[in-house]
Amino acid sequence: MDSRSHTPVTAALRLCLHALLTGLLALVAVRAVGEGAPHAGAVVALTLVTAGVYGAGALAGTPGPAGTGVRAGTGARATSVRQRASVRPGSRAAALWLAALCALWLGLLVLSPDALWVAFPLYFLQLHLLPTRWGVPAVVVTAAAAITSFVVHRQEIAPGAFIGPLLGAAVAIATVLGYDALFRESERRRELIVELVATRAELAEAERTAGTLAERERLAREIHDTLAQGLSSIQLLLRAAERTLPEDAPAAAHVRAAREAAQANLAEARSFVRALTPPDLEHGSLAAALERLCARTTGPDLTVRFAVSGRPVELPTPYEVALLRTAQSALANTVRHARAGRAEITLSFMDTSVALDVVDDGRGFDPSGAPVAERGDGGFGLPAMRSRAATLGGTLSVESAPGQGTALAVTLPLTGPQRSQGRAA
């Protein structure tokens, strides 16, 4: 029995056990005196000693079905001392206290045949305070002692002498083991509830994080597509105006100052966009982020590999974000819908473009029906991938058929600086 339960039911069971044992001991003493038994004085004295020993143990450790085991103390030192001295289930003190009770009861059995009824509360104490492997044999031995006492005192063998103690032992064992099973089931349910509450908190935190990342990405895209592009255009126009003006023109200095201010603000805008990019791109290159994505997605049912083709070049931040988000979305669709065993992501650097290929051996689908199938799933579907690629001047192609896997490729053009950097590398 677990010793930490404090429910009203278990408290009532403990009180009933106390009352039962006390009442049976009182019955033994009253019958010994009332019937004028030869050893009535000894029976009364031994009954009082037994009641005193039981009361001491009850006050020290509150024994009984699902007893608390340790009484509450005031202060850490008082609690520690009381725990060492208390009658806790499974402790050495409990075994010694129970052995003293059983020894006193055996003495009562020798003096009075009515003492055999005390065996019934002893069954519950033995099953509660001793481990199951010792409690059940102790109950059997106690029942045998009760039966032997009846036969010795009555000088006869009757079916009731066997049925009563054995039936009481069986009921006690079934009751205690049944309560143990119910208590363990209750504990499992409690742990499950705690786990569910923790999981719900984790999911809420994940949703908040996902919302924050989505908002950061949206802001970065808006700043890049509006503010940064506008400042870049202003800088180009001012540069052109500066070239057309004579060097000694009064407006040349103002145009130059405006162009430098636009250039400085463009640098600030691009720095702000980089600060809002996905966390996977904050520490390392796009290739490293894609490799970590493949490692996270790989599981018992899906193996994801990553490869780089060509000579890597430094890509603009919008390119890296677009390629990473496309890879994340494609792998998410593979995990949720494809039932694939293998998938591969390839990042290819070419002279005039950069391409990302995502291939899996899943069940495939009809690309023409994909927008309908993905509608409302909350994911980043093919139309959104295609729109993102088109925004950067690229293309998205999908090759798939039912039962033949899926191959997705997004291609983005490289501008002059990236092409020259690639050839120099």
Would you sort out whether R342 and D360 count as a side chain to side chain contact (heavy atoms under 4.5 Å, CB included), showing the intermediate values?
CA-CA 6 Å; R342 291 183 296 107; D360 66 64; over 6 Å; no
Would you give the length of the straight line joining atom OG1 of T326 to atom CZ of R386, rounded to the nearest 0.5 angstrom?
11.0 Å
Check whether S387 reaches the backbone of P383 with its side chain - one donor and one acceptor, N or O, closer than 3.5 Å.
no
Under 3.5 Å, is there a donor-acceptor pair between the side chain of Y123 and the main chain of V136?
no
Backbone of G405 reached by a side-chain donor or acceptor of S400 within 3.5 Å:
yes
Determine, for R256 against E260, whether the closest basic-nitrogen to carboxylate-oxygen distance falls under 4.0 angstrom.
no
Would you say E195 has more than 12 foreign heavy atoms packed within less than 6.0 Å of its CD?
no
A252 to P246 - nearest heavy-atom pair and separation:
CB-O, 3.8 Å
Using atom types as modelled and distance alone, determine if a side-chain donor or acceptor of R339 lies under 3.5 Å from a backbone N or O of G364.
no
Reported CZ-to-CD1 distance for the pair R188 and I193, which is rounded to 0.5 angstrom
13.5 Å
From CA spacing to verdict: side chain to side chain contact (heavy atoms under 4.5 Å, CB included), L129, W97:
CA-CA 10 Å; L129 296 176; W97 176 76; 3.3 Å; yes
T298 (side chain) donor-acceptor with V304 (main chain) under 3.5 angstrom
yes
Hey, does Y319 have a side-chain heavy atom less than 4.5 Å from the side chain of L286?
no
Say whether, by atom type as modelled, one donor and one acceptor occur between the side chain of S329 and the main chain of R325 under 3.5 angstrom.
no
Taking the side chain as C-beta and beyond, is there a heavy-atom pair between I345 and V359 under 4.5 Å?
no
Shortest non-hydrogen separation from G394 to L412 and the atoms involved:
CA-CD2, 3.8 Å
Would you indicate whether the side-chain heavy atoms of M385 and N333 approach each other to under 4.5 Å?
yes
Checking side chain to side chain contact (heavy atoms under 4.5 Å, CB included) for the pair T346/E344: CA distance, chi angles, key distance, verdict?
CA-CA 7 Å; T346 304; E344 184 173 351; 3.8 Å; yes
Heavy-atom side-chain proximity of R311 to F349 below 4.5 angstrom
no
Taken to the nearest 0.5 Å, the spacing of R259 CZ from L236 CG works out to 10.5 Å
Work out which heavy atom in P121 is nearest to a heavy atom in L24; give both atom names and the distance.
CD-CD1, 3.6 Å
T406 and E399 side chains, donor-acceptor separation under 3.5 Å:
no
Working to the nearest 0.5 angstrom, can you tell me the gap between S309 OG and M350 CE?
8.0 Å
Approximate separation, where rounding is to 0.5 Å, of L196 CG and E191 CD
12.0 Å
Can you name the nearest heavy-atom pair linking A409 to D357, along with the distance?
CB-OD1, 3.1 Å
Does some side-chain heavy atom of D180 sit less than 4.5 Å from a side-chain heavy atom of V176?
yes
Could you walk me through whether L382 and L408 pass the side chain to side chain contact (heavy atoms under 4.5 Å, CB included) check?
CA-CA 10 Å; L382 292 178; L408 180 147; 3.7 Å; yes
Lys/Arg-Asp/Glu bridge criterion (N-O < 4.0 Å) met for E187, R190:
yes
Nearest 0.5 Å, please: how far is CG in L323 from CG in L315?
7.0 Å
So which heavy atom on A355 is nearest to which on T411, and how close?
CB-OG1, 4.0 Å
Do the non-hydrogen side-chain atoms of L347 and F306 ever get within less than 4.5 Å of each other?
yes
So, for D351 and L414, which heavy atoms are closest and what is the spacing to 0.1 Å?
O-CD1, 4.3 Å
Decide yes or no for W105 and T142: does some side-chain heavy atom of the first lie under 4.5 Å from some side-chain heavy atom of the second?
yes
